[in-house]
Amino acid sequence: MPSAFKHTLFIVAPLLAVFAVLPGVYENHLLLFNFVIFLILAQGVNIIYGFTGYLPFGYVGFFGAGAYGFAILVMHYQAPAVIAVLAAGLVGVALGLLLTPLLRLSGAYFAIANLAASLAVLHFVANPALENITRGPYGVSLTGTFNPTLAYSAALAVLALTLGAVVFLKNSGFGLALQAVREDAVSASMAGVNVVRMRVIAWLASALVAGLAGGVYAWYVSVFYPDNVFSGDFSIFAIVFALFGGVATISGPIVGVIILYGIYNLIGFTTPQYFQLIYGLLIMGLVLFLPAGLVSLATRRGWHVP
Amino acid sequence: MSPESAPILNVSNVVKRFGGFHALDGLSFHCAPGEILGLVGPNGSGKTTAINVISGLYAPDGGEVTFDGASLGGVASHRLVHRGINRTFQIPKPFLSLTVRQNIAVALAYGRAAVAPPEMAALLDEYRLADVADRPAADLNNAQQKMLDLVRALATRPRLLLLDELAAGLNPAELDWIAERIKALAQGGMAIIVVEHLMGFIEHITDRVIVMNAGKEIFEGKLAVAVQVPQVIEVFLGGEHAA
Ligand SMILES: Nc1ncnc2c1ncn2[C@@H]1O[C@H](COP(=O)(O)OP(=O)(O)OP(=O)(O)O)[C@@H](O)[C@H]1O
Ligand SMILES: [Mg+2]
């Protein structure tokens, strides 16, 4: 598969290398970590939205569930952090399985139901009655596993896995069949594609990615409240970044995160009054002029964008 | 054609309701390998609905469809494709943002053709899509989209092929050309059901026709005979009584 190799060599490897080296030369490690988290989440949105067309407004549900999966394993079972991260991924998948009936809905109905589901998980976790298990609304504090350097490396590993999955989708017959399902499910079934199974696989893959991201996030920050890890900002940012760059590509969500999250951090904190304006204009401009994302500037010229 | 051979498709007494409306109201017919069967009738008589039931998109509310001796009840449509049934759409629905080649590749990879699947290059050539092979399907004109839809179906090597108004919108030269292609497919043993409003085209390629009205068969036999049956004439021409 030569093009998969090219994509790995020229996109995935350099990106990972840059983020592996940056902590040595740039002191704001939390910012770098957040970039990695958003790269993962934007690609997770890419998997489910870009390749199947389901817009996951409640994507943060998997992330928060993963964070709490990590916390519970560490608090109650004294699990090593790496095991707890893997468990976080499984918690994401389990929640994804529970929510597979949502895939019967389409368009806005799916988006809203997914949002509602993520709020339900938030309120479940934050329920004071579950204080013994989740610490309810009082938040968790995981001192035993605190190790930002290792957690950052784990985040890079999750990013590598996620990018690997997207490279696979972009270069395989499986990914092509998923896109066929997105374009027209009836025609896809008449090409012999098992539409339901394809959708479920993509859905669970994107749930796994967000669950793992939630796990490494919990590891990195160690202290958090339900509202932090279930914040709707995670869903909205991941979706906006992915759409801004252009979904169903490997590079689009990466470009989207670098530019938009970059701008957010450059001007968002120093001059918040301009930030809202610039951000709003950028997103409106995108929707009006480049609905297929920044990468469509190139695809419109007939260039192939990986 | 071998009219003696046993039918591969049996539709018996099929009913399909939408709300209280009977789109199919006890439809029965059969089709044999190598046969080209015409399915004709006025607008709304249930032709597309029949194809949707046979290809598994709609579950019938009554009656039974058997293919190759086995009932199709409750079988998902992608499995029917694997068993050897395929169809085209009255309004073709290709995967618009994928290239023509990618459109076909999906069907080649997932069709699970019983015999070796056809070659991509041969399909592109035979159905005049080679020049646009690397363009997105959205760039194709209507006739090309219809050919792509047909190729998507053929890539799965169907033994029963259902064509829903494939010829509508083709020019006379294209009509002659596609007629020959359809006949060649039937000669290879494929059972083919052709839904069409163009009577000349139907006359030219079919062995036998079923005339439908209001979800029922009202005539079965040669088209040349059908056009002399008063009930058929009334359905096609007599405004008031037509469905
Ligand atoms: N999904 C549906 N829901 C409700 N009614 C439907 C549906 N599909 C078809 N019908 C109705 O069933 C009847 C038969 O429709 P069908 O499409 O099978 O006709 P047709 O013979 O293919 O007509 P045409 O020649 O115009 O294509 C029509 O009255 C149509 O309105
Ligand atoms: Mg029709």
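In what follows, chains are A, B, ... by sequence order, proteins preceding strands, each numbered from 1.
Per-residue heavy-atom pair counts under 4.5 Å with chain B were compared for A:Val195, A:Val186, A:Val181, A:Asn194, and the maximum is reached by A:Asn194. With respect to chain A, the highest number of heavy-atom pairs below 4.5 Å among B:Thr156, B:Ile104, B:Leu108, B:Asn86 belongs to B:Asn86.
Atom CZ of B:Phe18 has more than 12 heavy atoms from other residues, nucleotides or ligands within 6.0 Å. Within a 6.0 Å radius of CZ in B:Arg159, other residues, nucleotides and ligands contribute more than 12 heavy atoms. In the displayed structure, B:Arg208 atom CZ is contacted under 6.0 Å by more than 12 heavy atoms of other residues, nucleotides or ligands. Surrounding CD of B:Glu119 are at most 12 heavy atoms belonging to other residues, nucleotides or ligands under 6.0 Å away. Crowding of A:Phe110 atom CZ: a count of heavy atoms from other residues, nucleotides or ligands under 6.0 Å exceeding 12. For CD1 of B:Ile91, the number of neighbouring non-hydrogen atoms (other residues, nucleotides, ligands) closer than 6.0 Å is 12 at most.
Contacts between A:Ala248 and chain B at a heavy-atom distance below 4.5 Å are absent for every atom of the residue. The contact between B:Leu57 and chain A is made entirely by side chain atoms (from C-beta outward), counting heavy-atom distances below 4.5 Å.
Inspection of the A:Glu183 and B:Ser97 side chains reveals an N or O donor paired with an N or O acceptor under 3.5 Å.
Taking every heavy atom of both residues into account, A:Val193 and B:Val106 meet most closely at CG2-CG1, 3.7 Å. Closest approach of B:Tyr110 to A:Phe174, counting heavy atoms only: OH-CA, 3.3 Å. Across A:Ser187 and B:Phe95, no two heavy atoms sit closer than the pair CB-CE2, 3.6 Å. The two residues A:Met190 and B:Arg87 make their nearest non-hydrogen contact at SD-CG, 3.8 Å. The two residues B:His82 and A:Gly192 come nearest to each other via the heavy atoms NE2-O, 2.9 Å.
Of residues 124-151 of chain B, no residue lies under 4.5 Å from chain A by any heavy-atom pair.
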